[in-house]
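All remarks here apply to the structure that follows.
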Amino acid sequence: MPLTIRLGHAYRSDAKTSSDDELAQVVRILCGEADLQPRTPRETKAVSDAETAIGITSPVIYAFVGCLHPDLGRIGLVISPECLDGRLQGVTKCDSGGLAGRIGSFSYVQEDEKKDALVALSINEDPEWHSVFDDEMGRSYQSTLAYVTGETPDYASWTDIRVRCISKPPPHGGPPDRRLWTWEVRLSAPPEAHHYEALILSHEALKQLESLRLRGREVPSDVTVLFGTISATGVHYFSGEEVFQLLKGPGP
Amino acid sequence: MVGLVLGRDDGTLYTSGVAGADRKSISRDELEDLIRRGDAFNIEGFQATTEPLAALWVGHEFDAKTNNAGVPVPPLPPQSTEQVAEGRLWVAPVRHVWLVIDSWIVQSFRRAVLGQNADLAALMSWVMPQRIETRAARWYTSDKKTREKELEWWVRLDRGSGHPRVTTGDLVASFDRLVDDVKKPKKNAKVVGFSALAKGGDKEIATSVANQAQLTRVSFGHWLQSNARLPQNEPPRLVLQARGNEIIRERGELFLSLEVLRGVDNLLQDAFVIEGIRHLNVLESVRSVVGPDRFVLAFVERPLKDRVERLQREERLTKEQVRQVMNDPTEQQIPEIRKLANYTLDGNEGEAEATRLVRQLGI
């Protein structure tokens, strides 16, 4: 069965690009006038370590399976899994950069364990990887939606190092970070314009889109546009029900 | 409205003002990345509180345009406002930031519709493009071609956001309702503010007006009373004056005003009475939040000797304490407020003056 869950990519250009230009560039990508580029990682060393361990030799585009991260992102892209055809570099059963950098609860992985852990948790260039993913979904979550909304999995049947990280209390308190168990997928080439299904914007980014739109720049009509908002409870980012439904895809 | 990242005593960082992720830990790397990319400003010097905080961002260009349009932003307290190159950031409880934004949208909508003001309607998009009032204002002030284009876009957004069956007709009907509501004459949703010097009689007249017109009454004195510990051996008025001064010094007049206005259920729609206005910036804060077109100020006067006599008799203050009350900073701006009053009432004629005011205002 083909993968139905969608890929989430939190778009970030390089730090020199203004936020207005950043959104304009995303609209160009959605219109097929530009390509999504591999971005410079925030934790350069961690990502470089992870890429070396996993055997990545040229820049890749990162996305999460069924998740848009970070919470404070401005622009999110929901991408059809069809884009993986001919572009799949590999997947990892968690955030590879977080693990390589031993960030947050990944700090429970010892320095000398992380390379083997990364290799054990990664599947490279195997188009059937999603049967492993589906198996984990079936064993660990009540539903696909539960995975998409970031619920902590039932990891009783798991045997890998993620168990240690999830089961111990997060070093800085609060709930465990979903990047401990959310699958990462890596593309060796950018998706095509028709693979982009939705544009998810923060409230601030929506205002910038309005400004672009009033100057005649349109988002292609087959791309769903969702947006965060503000209310008496604060700023709402990428976590609305509609976003989860889109990421879940048409499957059960 | 923008969220904040605040520091804990142990040096770790957490988010504030982010719905569903309040007090969520964030790494220093993540924060530095946000700052580097211009998605976050580094601001300093604010005391975090236990309540969720957010910031109101007001750009200079927006400030100028909204002032020109006659819907100014309330006076933002300097002690919680950071000036940056492109504008200002006011750090405040999330509910306060929201109230200021919400009231700006509602007032701007009224003004845009009544004045056929397309520029103000466009400015509303800078604040909340997805709000129905913003769409309705844009629709109402646009030409036919623009209307059609905008309607298509809004339908597309709504269909993606969980309303798959919405039509342009549905939107037009909801816009019509909102516009009609603004245009049709309806029962006066006046807000009557009262000010007076100590023991001037504003409380009595405000109470009487509220009773006669069956309006909600909120009071700065009441709010302070319920938020200050009153020592048994100190005259309450002196304690409340000190507490009010302290709050204004620490958090500003807008904070105090918004706290008092929380006592009104439907602040942006209902008529109500607010009593105990004693600072110019409090007056300006209240007036701008409720809308200048709804607000009237009544000043209540009573001769000095009567006020002194009442302070001594009713509040059992000594001569020295009376002198303290009258010299308190709370009393110093009242003569200026008096000059701005729409009505001046006689505090010694409480009931009759209240009746006269209710009749004059038609409330």
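Only the side chain of A/Leu214 comes within contact range of chain B, with heavy atoms under 4.5 Å apart. Heavy-atom distances place no part of A/Glu241 under 4.5 Å from chain B, backbone and side chain included. Contacts between A/Thr229 and chain B at a heavy-atom distance below 4.5 Å involve backbone atoms as well as side-chain atoms. For B/Trp153, the part sitting under 4.5 Å from any heavy atom of chain A is the side chain, from C-beta outward, and nothing else. In this structure, chain A has a heavy atom under 4.5 Å from the backbone of B/Val127, while its side chain stays farther away. In this structure, chain B has heavy atoms under 4.5 Å from both the backbone and the side chain of A/Val219. In this structure, chain B has a heavy atom under 4.5 Å from the side chain of A/Leu209, while its backbone stays farther away. For B/Ile101, the part lying under 4.5 angstrom from a heavy atom of chain A is the side chain only. For B/Ser125, the parts lying near chain A are the backbone and the side chain together; criterion is any non-hydrogen pair under 4.5 Å.
Taking the ring centroids of B/His96 and B/Phe255, they lie under the 6.0 Å cut-off.
A/Thr224 and B/Arg159 are not linked by any side-chain donor-acceptor pair at a separation below 3.5 angstrom, with hydrogens and angles left out of the test.
The pair B/Arg135-B/Asp158 counts as a salt bridge, with a side-chain nitrogen and a carboxylate oxygen less than 4.0 angstrom apart.
More than 12 non-hydrogen atoms from other residues, nucleotides or ligands lie less than 6.0 angstrom from CD of B/Gln116. No more than 12 heavy atoms of other residues, nucleotides or ligands lie within 6.0 Å of CD in A/Glu82, so this atom counts as exposed by the packing criterion.
For the set B/Arg8, B/Met128, B/Arg95, the entry with the most heavy-atom pairs within less than 4.5 Å of chain A is B/Met128. In terms of heavy-atom pairs under 4.5 Å with chain A, the best-connected choice from B/Gly162, B/Ala122, B/Ser161 is B/Ser161. Interface check for chain B: of the options A/Arg213, A/Glu242, A/Glu218, the most heavy-atom pairs under 4.5 Å are formed by A/Arg213.
Listed for the B/Thr146 side chain is no donor-acceptor partner under 3.5 Å among the backbone atoms of B/Ser142.
Aromatic ring pairs are classed by plane angle as parallel below 30°, tilted from 30° to 60° and perpendicular above 60°; the pair A/Tyr147 and A/Tyr141 is perpendicular.
None of B/Trp139, B/Tyr140, B/Phe109 except one satisfies the ring pair (Phe, Tyr, Trp, His ring centres under 6.0 Å) rule with B/Phe175; the exception is B/Trp139.
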